[in-house]
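Read through the structure below, which is laid out as structure tokens, and then see the notes.
The figures that follow rest on heavy atoms only: side chains count, while hydrogens, waters and symmetry mates do not. This is a predicted model, so every value here is computed, not measured.
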There are 2 protein chains.
Amino acid sequence: MSTLNDVARLAGVSTMTVSRVINDSGYISPETRARVNRAIAELGYMPNVLARQLRSKRTKTLALVVTDIANPFFTTIARGVEDAARARGYAVMFCNTDESEAEEIEYVRVLIQRRVDGVLLVPATDSSGSLQLLREHALPVVVLDRHVRSALVDEVLTDSETGAYLAVRHLIDLGHRSIAILTGPATVSTAVDRVAGYRRALAEAGLGAESEQILFGEFNEASGYEMTRRVLTAQPRPTAIFAGNNFIAFGAIQALRQAGVAIPDGISIVVFDDLPQGWVLDPFLTVVSQPAYEIGKQAAELMLERLTGDPPGEPRTIVLASELIVRRSTAPPRREVAATVPSLRAHMENPA
Amino acid sequence: MSTLNDVARLAGVSTMTVSRVINDSGYISPETRARVNRAIAELGYMPNVLARQLRSKRTKTLALVVTDIANPFFTTIARGVEDAARARGYAVMFCNTDESEAEEIEYVRVLIQRRVDGVLLVPATDSSGSLQLLREHALPVVVLDRHVRSALVDEVLTDSETGAYLAVRHLIDLGHRSIAILTGPATVSTAVDRVAGYRRALAEAGLGAESEQILFGEFNEASGYEMTRRVLTAQPRPTAIFAGNNFIAFGAIQALRQAGVAIPDGISIVVFDDLPQGWVLDPFLTVVSQPAYEIGKQAAELMLERLTGDPPGEPRTIVLASELIVRRSTAPPRREVAATVPSLRAHMENPA
DNA sequence: CTGTTAGCGCGTTCAG
DNA sequence: CTGAACGCGCTAACAG
């Protein structure tokens with residue numbers, strides 16, 4: 001593998017001249033440039049990024065740490081991050097913590113050792129072990145999607161409280177009075193905030209705490225399934241379910257199907273997070289849609305601003321709005337519960 | 001950010017001693033080790049991976065280059081690669097070429113510059129521009145999934161020809177006589193081999209070239225949709241479709257639904273590639289399932305053997321078997337014209 | 001068991 | 001416009 005030195009020797013110049021040609025810095029006479037370029041081509045020379053990074057103390061690499069890489073919400077965020085980063089010449093390392101704080105810290109260690117320039121983090125919990133580690137090593141951080149109480153950092157997230165309020169309000173407007181919320185762990189701000197929005201909507205409608213049905217679980221399908229099973233045996237059985245994220249909704253739908261409860265005839269369901277086009281052929285879920293791509297993009301841009309811009313300044317929090325999209329999984333409650341409706345099954349069998 | 005030097009000074013030893021403690025190499029007295037470890041903890045020292053890699057000339061990193069990161073077939077391969085690599089202390093860089101040869105070469109350039117230790121490549125086409133580039137820079141390569149004619153390299157792939165043969169034979173056994181195959185570009189070995197298997201099955205059943213309906217397209221949903229639209233207007237209209245991969249099948253299903261053609265009552269469909277559990281609630285597609293995880297795992301292990309083992313040896317080709325899984329998307333044709341063949345019963349009693 | 005020397009391949013700094 | 005010297009942080013190779 002040839003080096004700067006080989007090129008310099010072949011071209012009859014110093015290594016610095018070659019370096020300048022490659023990085024387009026400083027003035028070079030056209031002839032020398034041509035000669036150097038010829039030597040580069042002849043040798044098939046490729047700069048050693050490691051040496052460059054070691055010397056320049058910048059890797060031009062960001063890391064994005066998410067809690068579930070299989071969730072389209074996070075892959076969409078990832079696309080936003082990558083687009084913004086690549087536009088400025090930065091690479092992105094993707095890391096998946098599976099909602100585990102231990103994994104998160106492990107990854108942060110690796111990222112520090114690899115000397116990434118900055119970390120975009122979706123924290124697994126609201127405790128801040130990894131944030132502290134990052135601060136100790138002076139690594140810039142932007143927190144995404146979830147608020148962290150303890151730390152003063154840049155944050156980009158959506159207004160979960162308002163989103164949840166809109167979703168539940170929609171159900172109330174349809175006439176529902178008994179609504180269950182199935183959400184993630186109480187240690188995660190998005191779960192807590194969505195419950196807050198749920199409560200506000202109920203309270204505003206004059207529905208007291210006695211009509212609350214709040215289940216904290218995990219943001220995954222298994223948990224959604226399990227919580228729904230519990231909801232189905234509750235007395236009184238709710239006429240509507242608010243699923244705290246898309247995977248919880250998957251589990252809920254599966255449980256409802258198994259129990260022969262039709263959507264929306266038997267139970268209405270509204271979901272936080274939309275699914276990207278292509279995941280389902282015929283979107284029928286009523287959802288609160290977050291601007292996932294925009295979250296990723298703005299987070300990356302904020303980071304790059306911190307990295308290249310001179311004024312560090314105060315930590316900034318960017319809150320993006322979410323939007324209620326009404327489709328066919330919500331309807332007014334019915335007295336009698338329909339036994340089976342096959343349309344759901346046809347729908348779920350056809351991914352796209 | 002503290003360095004080896006800082007640690008050495010604080011512990012009152014040389015940098016080499018610290019290096020040995022960290023890498024667990026050579027003999028160190030327990031006391032010095034303890035002293036060094038204390039210094040490391042006190043400073044929160046984290047080794048600089050860049051410097052280490054530059055010096056040792058090994059990055060302990062593999063790259064996996066695939067043509068479609070959104071395809072579960074490739075993400076499953078990726079899991080196999082990652083598991084095998086991590087078990088031996090290697091990291092993996094994932095790269096997505098979108099079936100573009102230009103992107104592929106671009107990525108290979110980056111990988112050379114980053115000095116990855118080896119490249120696992122799913123080539124976009126059977127031309128070998130990127131393979132040549134890799135060879136020039138003496139980077140070890142293992143080719144996955146697709147055969148490359150021109151090059152002598154290690155390869156790990158499934159037997160597409162036999163898999164396709166089994167799929168089409170299954171359709172023939174069910175009584176189908178008019179079967180269309182929708183597959184990828186003719187520049188990709190998997191597309192070509194699947195056509196070969198399709199032909200062999202037809203020929204063996206005494207069905208001549210006049211009954212062949214072969215469509216080359218792209219391995220994606222849009223192409224599957226478009227090819228199916230064409231198939232639906234063909235004369236005679238086939239009673240069964242063999243989709244060359246899962247995404248082509250998605251497009252086909254969408255087109256069939258739109259045209260009001262039921263599966264399998266109107267048209268049977270068999271697909272190369274299964275979908276992982278969780279993508280669909282109720283698997284109903286008859287598929288040829290490839291051992292995707294195993295492909296990734298074996299490819300990584302072959303690479304690691306080349307990297308650490310001493311004998312380079314001859315290029316090796318590992319061919320894995322695929323398996324027909326009969327579900328509910330295939331059935332005998334309903335036309336009165338098509339008679340049921342006797343071998344059908346034998347087959348149903350003896351599913352492959 | 002531990003230290004010394006000598007780079008890995010580049011870019012920064014300063015001097016021509 | 002170009003070059004010489006130096007060092008980023010670490011480890012291979014050899015001494016002790």
### Query
For the pair made of CG in A:Asp24 and P in C:dG11, what is the distance, rounded to whole Å?
13 Å
### Task
State which of C:dC1, D:dG3, C:dG3 makes the closest approach to the side chain of A:Ser14.
D:dG3
### Query
Is a donor on one side and an acceptor on the other found under 3.5 Å between the side chain of A:Glu155 and the backbone of A:Val148?
yes
### Query
Pick one: which of A:Val81, A:Val156, A:Asp154, A:Leu62 meets side chain to side chain contact (heavy atoms under 4.5 Å, CB included) with A:Met303?
A:Leu62
## Note on the structure
From CZ of B:Arg35 across to C1' of C:dT2 the rounded distance in Å is 11 Å
### Message
Just the rounded figure in Å: distance from P of D:dA5 to CE of A:Met16.
### Response
15 Å
### Query
Should B:Glu301 and B:Arg316 count as an ion pair when the cut-off is N to O under 4.0 Å?
no
### B:Lys60 NZ to D:dC10 C1', straight-line distance once rounded to whole Å
16 Å
### Query
What nucleic acid atoms does B:Ser25 come within less than 4.0 Å of, heavy atoms only: base, sugar-phosphate, or nothing?
nothing
### Message
Please determine whether the number of non-hydrogen atoms from other residues, nucleotides or ligands lying under 6.0 Å from atom CD of B:Glu136 exceeds 12.
### Response
yes
### B:Val153 vs B:Leu134, side chain to side chain contact (heavy atoms under 4.5 Å, CB included): CA-CA, chis, key distance, verdict
CA-CA 11 Å; B:Val153 281; B:Leu134 288 166; over 6 Å; no
#### Entry: side chain to side chain contact (heavy atoms under 4.5 Å, CB included), paired with A:Thr67, selected from A:Asp98, A:Thr125, A:Thr97, A:Asn96
A:Thr97
### Task
Return the value, rounded to whole Å, for the distance between atom CZ of A:Arg114 and atom P of D:dC10.
15 Å
### Query
What's the verdict on side chain to side chain donor-acceptor pair (under 3.5 Å) for A:Thr308 and A:Arg88, showing C-alpha distance, side-chain angles and the deciding distance?
CA-CA 10 Å; A:Thr308 56; A:Arg88 308 258 309 247; 3.1 Å; yes
### Task
May I have the step-by-step check of side chain to side chain donor-acceptor pair (under 3.5 Å) for B:Thr59 and B:Asp117, ending in yes or no?
CA-CA 6 Å; B:Thr59 52; B:Asp117 293 338; 3.3 Å; yes
### Message
Just to verify, which of A:Val122, A:Leu144, A:Leu120 counts as forming a side chain to side chain contact (heavy atoms under 4.5 Å, CB included) with A:Ile295?
### Response
A:Leu144
### Query
How large an angle, rounded to 10°, do the end axes of the helix from C:dC1-D:dG16 to C:dG16-D:dC1 enclose when each is built from five base pairs?
30°
Anything under 3.5 Å between a protein N or O and an N or O of nucleotides 8-10 of chain C, put it in a table, one pair a line.
{"residue": "C:dC8", "atom": "O3'", "partner": "B:Lys57", "partner atom": "NZ", "Å": "3.3"}
{"residue": "C:dG9", "atom": "OP1", "partner": "B:Lys57", "partner atom": "NZ", "Å": "2.7"}
{"residue": "C:dC10", "atom": "OP1", "partner": "A:Tyr45", "partner atom": "OH", "Å": "2.4"}
{"residue": "C:dC10", "atom": "OP1", "partner": "A:Asn48", "partner atom": "N", "Å": "3.0"}
{"residue": "C:dC10", "atom": "OP2", "partner": "A:Leu4", "partner atom": "N", "Å": "2.6"}

### Which residue lies more 5' along DNA chain C, comparing A:Arg20 with B:Val13 via nearest heavy atoms
B:Val13
